[in-house]
Amino acid sequence: MNSAPARHVLILGGTTEARRLAEELAGAPALRVTSSLAGRVAAPRLPVGQVRIGGFGGAEGMARWLREHQVDALIDATHPFADTISSHAARAAADVHVPLLALRRPGWVPGPGDRWHSAGSLAEAARLLPDLGERIFLTTGRMGLATFAHLTRQWFLVRSVDAPESPVPPRMEVILDRGPFTLEGEAELLRRHRIEVLVTKDSGAHATAPKLTAARAAALPVVIIRRPPAPQGIPVAETPSEAATWLRTTLA
């Protein structure tokens with residue numbers, strides 16, 4: 001008697017949550033899991049199981065991939081600010097009639113003593129900086145640094161996984177590093193570079209949250225860039241376990 005074929009799950013990954021979900025689903029006899037990475041990081045942390053790297057060619061290309069590889073469920077576990085790929089996933093899933101879930105960790109919430117300034121974009125964050133300070137710790141990644149290139153009076157400490165490309169702010173020092181980071185390390189970084197303002201995206205990751213605690217202890221202003229809205233009508237899970245439960249229910 002032949003057993004039923006394994007159901008194919010595609011995880012759009014690159015995040016800690018995506019890797020944990022792949023680990024949780026690994027070994028399930030009824031599932032075949034493929035993780036897809038954008039390929040923007042030179043040496044990405046690979047999840048367990050089958051991995052593809054690279055773009056799809058827009059929503060149409062993703063829809064074609066879903067059809068050709070007979071995907072039964074799609075989980076968008078990309079970075080909360082990867083709004084383009086999330087939009088493509090929503091369109092592709094609708095075109096192919098594949099169930100889609102967004103896996104999004106919760107955003108950060110300000111606490112007592114925080115001096116947060118909300119910004120809707122990198123450009124809005126850049127407009128806020130002249131009134132907040134001159135020594136900026138910029139942790140928004142290497143993409144989008146051109147937005148700050150016109151700020152010639154400010155000095156920037158930029159931290160990213162890979163080296164940024166021009167155009168960049170004229171007064172800048174780069175640290176190549178990736179989390180998790182410690183509270184002690186972040187506090188020392190702020191002291192050593194005499195940081196006056198922290199700029200970050202609301203990624204919500206625990207691995208990079210210590211910089212917020214260090215900024216609070218130092219009474220520094222923090223510019224928090226708000227997340228883009230998720231595509232409408234897509235169910236959302238906040239943890240890999242919630243995503244796995246959705247998957248089991250959906251494919252039952």
Side-chain angles (χ1 to χ4, degrees), residues 11-22 34-49 51-58 62 76-89 103-105 108 119 121-123 125-126 129 135-151 154-182 185-186 188-190 192-193 195 197-212 214-215 222-225 227-228:
I11 301 174
L12 303 178
T15 60
T16 300
E17 289 74 22
R19 291 190 296 274
R20 289 176 178 169
L21 177 60
T34 301
S35 295
S36 178
L37 307 182
R40 292 182 176 177
V41 177
R45 292 174 176 167
L46 297 179
V48 299
V51 178
R52 70 172 299 278
I53 297 179
F56 290 94
M62 187 183 298
D76 174 15
T78 56
H79 192 278
F81 283 81
D83 52 332
T84 298
I85 188 66
S86 293
S87 175
H88 290 172
L103 174 54
R104 293 287 184 272
R105 55 190 175 233
W108 289 318
S121 64
L122 290 174
L129 290 181
R135 297 185 65 84
I136 317 298
F137 185 22
L138 191 60
T139 65
T140 56
R142 65 187 178 93
M143 309 295 289
L145 290 183
T147 309
F148 302 89
H150 67 286
L151 296 174
Q154 279 73 22
W155 177 87
F156 289 88
L157 178 66
V158 174
R159 182 166 66 194
S160 63
V161 176
D162 294 319
E165 298 178 357
S166 296
V168 296
R171 304 177 63 211
M172 182 184 75
E173 180 177 333
V174 177
I175 297 177
L176 299 181
D177 202 358
R178 89 169 97 200
F181 302 106
T182 66
E186 297 292 66
E188 171 58 24
L189 196 68
L190 298 180
R192 185 168 70 250
H193 294 279
I195 297 299
V197 187
L198 168 66
V199 181
T200 189
K201 294 178 177 178
D202 182 16
S203 65
H206 293 295
T208 55
K211 62 190 172 188
L212 298 173
V222 179
V223 177
I224 299 280
I225 301 170
R227 296 179 177 187

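Partners of Arg159 by salt bridge (charged side-chain N to carboxylate O under 4.0 Å, His left out), not counting sequence neighbours, listed by chain and number: Glu186. Ser36 pairs by the side chain to side chain donor-acceptor pair (under 3.5 Å) definition with Arg52, not counting sequence neighbours. Residues satisfying the side-chain contact (heavy atoms from CB on, under 4.5 Å) criterion with Glu173, sequence neighbours excluded, are Trp155, Leu157, His193. For Thr15, there are no side chain to side chain donor-acceptor pair (under 3.5 Å) partners two or more places apart in sequence or in a different chain. Every residue two or more places apart in sequence or in another chain that forms a ring-ring contact (aromatic ring centres under 6.0 Å, His included) with Phe156 is listed here: Phe148. Under the ring-ring contact (aromatic ring centres under 6.0 Å, His included) criterion, Phe181 pairs with no residue, sequence neighbours left out. For Arg227, the side chain to side chain donor-acceptor pair (under 3.5 Å) test picks out no residue, with sequence neighbours left out. Legend: residues meeting side-chain contact (heavy atoms from CB on, under 4.5 Å) with Ser121, ordered by chain and number and at least two apart, are Ala123, Glu124. Residues forming a salt bridge (charged side-chain N to carboxylate O under 4.0 Å, His left out) with Arg20 (at least two apart in sequence, or on another chain): none. Taking Leu176 as the reference, Ser160, Ala163, Val174 meet the side-chain contact (heavy atoms from CB on, under 4.5 Å) condition, with sequence neighbours excluded.
Side-chain contact between His79 and Glu17 is absent, with no heavy atoms from C-beta onward closer than 4.5 Å. Residues Ile11 and Leu103 form no side-chain contact, since every pair of their non-hydrogen atoms from C-beta on lies 4.5 Å or further apart. A 4.5 Å side-chain heavy-atom check between Leu212 and Val222 finds at least one atom pair inside the cut-off. Proximity of Leu46 to Leu37: side-chain heavy atoms (C-beta onward) are separated by under 4.5 Å at one or more points. In this structure, the side chains of Thr78 and Ser86 come closer than 4.5 Å at one or more pairs of heavy atoms. The side-chain heavy atoms of Val199 and Leu122, taken from C-beta on, include no pair separated by under 4.5 Å. With a 4.5 Å cut-off on side-chain heavy atoms, Pro80 and Arg105 count as touching. With contacts defined as side-chain heavy-atom distances shorter than 4.5 Å, the pair Met62/Leu12 qualifies.
Counting only residues at least two apart or on different chains, the side chain to side chain donor-acceptor pair (under 3.5 Å) pairs with a member in residues 135-146 are Thr139-Thr200, Thr139-Lys211. Evaluation of the salt bridge (charged side-chain N to carboxylate O under 4.0 Å, His left out) test over residues 76-88, restricted to residues two or more places apart or in two chains, returns Asp76-Arg104.
For the atom pair CD1 of Ile175 and CZ of Phe137, the computed distance is 6.0 Å after rounding to the nearest 0.5 Å.
Nearest approach of Pro180 to Arg45, heavy atoms of both residues: CD-NH2, 4.3 Å. In terms of heavy-atom proximity, Ala149 sits nearest to Pro170 at O-CD, 3.4 Å. A pairwise comparison of heavy atoms in Ala215 and Leu190 identifies N-CD1, 3.8 Å as the closest pair.
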